[in-house]
Amino acid sequence: MADSLALELKGITKTFGSTVANKDVDLQVRNGEILSILGENGSGKTTLLRMIAGLETPDEGSQIWIGGKDVTNIPAEKRQIGFMFQSYALFPNMTVAENVAYGLTVRKEDPQKIKETVARMLGLVNLEPYADRPVQALSGGQRQRVALARALAIRPRVLLLDEPLTALDALLRHKVREELAVILKRLGITAVIVTHDQDEAMVLGDKIVVMQGGVIHQADTPQNVWDNPAT
């Protein structure tokens, strides 16, 4: 069982002064599984995601395991995590290809290998013709796909997505949601998606975790969450 786990959270608690953001959260994500964390604003879902990424430090006694290794005290850049931010956080002074290559460039990987990886990632998200364009010239949906390609280029053990479709209008959100579901399934990648949108959680997740008040109220398949809500 342990060998099949990509991510495991044990007793995750996080407080900010007198405010409890997360309390005794236990969670397991299997290799290749897509987990949707669903909750309203202030439910603790984004704080949980940031702790998985290493951008926040959980309280003493909490444990975060990735690929069977305790990474609780390991810095973010050494966790093999891909993070797609809600704002996409693309570099406006770089081309599409340069944005996708960024993580590999920082790692100082072989230039030819970087070029091949970037081409493969742009092919995956159907943006090959846009490689040399500035990201500022792209539509919202295209920027979302650039951000996804950049997160995937580093070959992450776990991909984290924070409200990945919020910045898009309603019509585009539906189209991009379907594209994202296809890409993640095609790659067989382990992913954790934070969202406040019920439809988004249902379409993208193999399993849904419903959070409120910093705790998990239910963790089940989309069908069971829909048919038999715990709250």
Side-chain angles (χ1 to χ4, degrees), residues 1-16 21-22 24-37 44-91 94 97-118 120-122 124-125 144 146-164 180 183-184 187-194 209:
M1 174 66 175
D3 291 342
S4 66
L5 292 180
L7 172 68
E8 186 172 14
L9 308 182
K10 301 178 181 180
I12 299 297
T13 297
K14 178 65 176 178
T15 55
F16 296 97
N22 295 113
D24 294 327
V25 173
D26 294 321
L27 188 61
Q28 294 181 336
V29 185
R30 301 175 69 85
N31 285 310
E33 187 173 48
I34 300 173
L35 176 74
S36 293
I37 301 180
K45 59 188 188 300
T46 295
T47 300
L48 193 65
L49 197 74
R50 290 176 61 83
M51 285 189 286
I52 297 170
L55 301 177
E56 295 283 358
T57 303
D59 293 352
E60 188 174 350
S62 306
Q63 289 186 0
I64 300 172
W65 291 68
I66 296 176
K69 181 179 180 181
D70 185 352
V71 301
T72 311
N73 298 308
I74 291 178
E77 65 272 15
K78 296 184 179 180
R79 292 194 182 190
Q80 290 185 275
I81 289 289
F83 201 123
M84 184 175 161
F85 295 90
Q86 181 177 338
S87 64
Y88 308 149
L90 298 175
F91 299 105
M94 294 183 182
E98 288 169 342
N99 266 279
V100 175
Y102 179 76
L104 301 174
T105 303
V106 169
R107 290 182 178 182
K108 298 181 180 179
E109 295 199 10
D110 177 71
Q112 182 58 35
K113 185 178 180 180
I114 292 175
K115 184 177 179 180
E116 292 170 359
T117 300
V118 169
R120 188 167 66 253
M121 290 299 104
L122 291 179
L124 180 69
V125 298
Q144 191 262 7
V146 174
L148 177 61
R150 184 179 63 183
L152 292 172
I154 63 170
R155 302 177 301 279
R157 188 180 289 274
V158 180
L159 176 64
L160 307 178
L161 303 98
D162 183 14
E163 300 278 6
L180 180 59
I183 290 170
L184 293 178
L187 290 176
I189 195 165
T190 305
V192 179
I193 302 169
V194 157
V209 163

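Note: hydrogens, waters and symmetry copies are ignored here, and every other heavy atom, side chains too, is used.
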Measure across [X] and [Y] and return the closest heavy-atom pair with its distance rounded to 0.1 Å.
{"X": "L180", "Y": "P164", "value": "CD2-CG, 4.3 Å"}
{"X": "I52", "Y": "I81", "value": "O-CG1, 4.3 Å"}
{"X": "L161", "Y": "A191", "value": "CD1-CB, 4.1 Å"}
{"X": "G11", "Y": "S62", "value": "O-OG, 3.2 Å"}
{"X": "V71", "Y": "R79", "value": "O-NH2, 2.9 Å"}
{"X": "G103", "Y": "I154", "value": "CA-CG2, 4.0 Å"}

Spacing of [X] atom [atom1] and [Y] atom [atom2] [to the nearest 0.5 Å]:
{"X": "R30", "Y": "L35", "atom1": "CZ", "atom2": "CG", "answer": "13.0 Å"}
{"X": "L124", "Y": "L148", "atom1": "CG", "atom2": "CG", "answer": "7.0 Å"}
{"X": "N31", "Y": "S4", "atom1": "CG", "atom2": "OG", "answer": "6.5 Å"}
{"X": "L9", "Y": "I66", "atom1": "CG", "atom2": "CD1", "answer": "8.5 Å"}
{"X": "N73", "Y": "T57", "atom1": "CG", "atom2": "OG1", "answer": "8.0 Å"}
{"X": "R50", "Y": "F85", "atom1": "CZ", "atom2": "CZ", "answer": "7.0 Å"}

Take V106 and E77 through the side-chain contact (heavy atoms from CB on, under 4.5 Å) test and state the conclusion after the steps.
-> CA-CA 11 Å; V106 169; E77 65 272 15; over 6 Å; no
Run the numbers on T190 and L7 for side-chain contact (heavy atoms from CB on, under 4.5 Å), then give the verdict.
-> CA-CA 9 Å; T190 305; L7 172 68; 5.6 Å; no
Between [X] and [Y], is any pair of side-chain heavy atoms under 4.5 Å apart?
{"X": "E109", "Y": "T117", "value": "no"}
{"X": "V125", "Y": "V100", "value": "no"}
{"X": "K45", "Y": "E163", "value": "yes"}
{"X": "I12", "Y": "I64", "value": "yes"}

When you look at CD of E60, are more than 12 heavy atoms from neighbouring residues, nucleotides or ligands closer to it than 6.0 Å?
->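 No, CD of E60 has 12 or fewer neighbouring heavy atoms, counting only those of other groups under 6.0 Å.
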Which of these, D162, V194, I193, sits in a side-chain contact (heavy atoms from CB on, under 4.5 Å) with I37?
->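 Testing each of D162, V194, I193 against I37, the sole residue satisfying side-chain contact (heavy atoms from CB on, under 4.5 Å) is V194.
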Would you confirm whether N22, through its side chain, and K14, through its main-chain N or O, come within 3.5 Å as a donor-acceptor pair?
->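 Pair absent, no side-chain N/O of N22 close to backbone of K14.
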Any donor-acceptor N/O pair, R150 side chain to F83 backbone, under 3.5 Å |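 Not confirmed, R150 side chain does not pair with F83 backbone.
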Carefully, step by step, assess K115 and L104 under the rule side-chain contact (heavy atoms from CB on, under 4.5 Å).
-> CA-CA 10 Å; K115 184 177 179 180; L104 301 174; over 6 Å; no
When you look at T13 and D59, which way does the side-chain hydrogen bond (donor to acceptor under 3.5 Å, both in side chains) test go after all the steps?
-> CA-CA 6 Å; T13 297; D59 293 352; 5.7 Å; no
Given the rule in the side-chain contact (heavy atoms from CB on, under 4.5 Å) test, do W65 and K10 qualify, once you have shown the distances and angles that lead to the verdict?
-> CA-CA 8 Å; W65 291 68; K10 301 178 181 180; 3.7 Å; yes
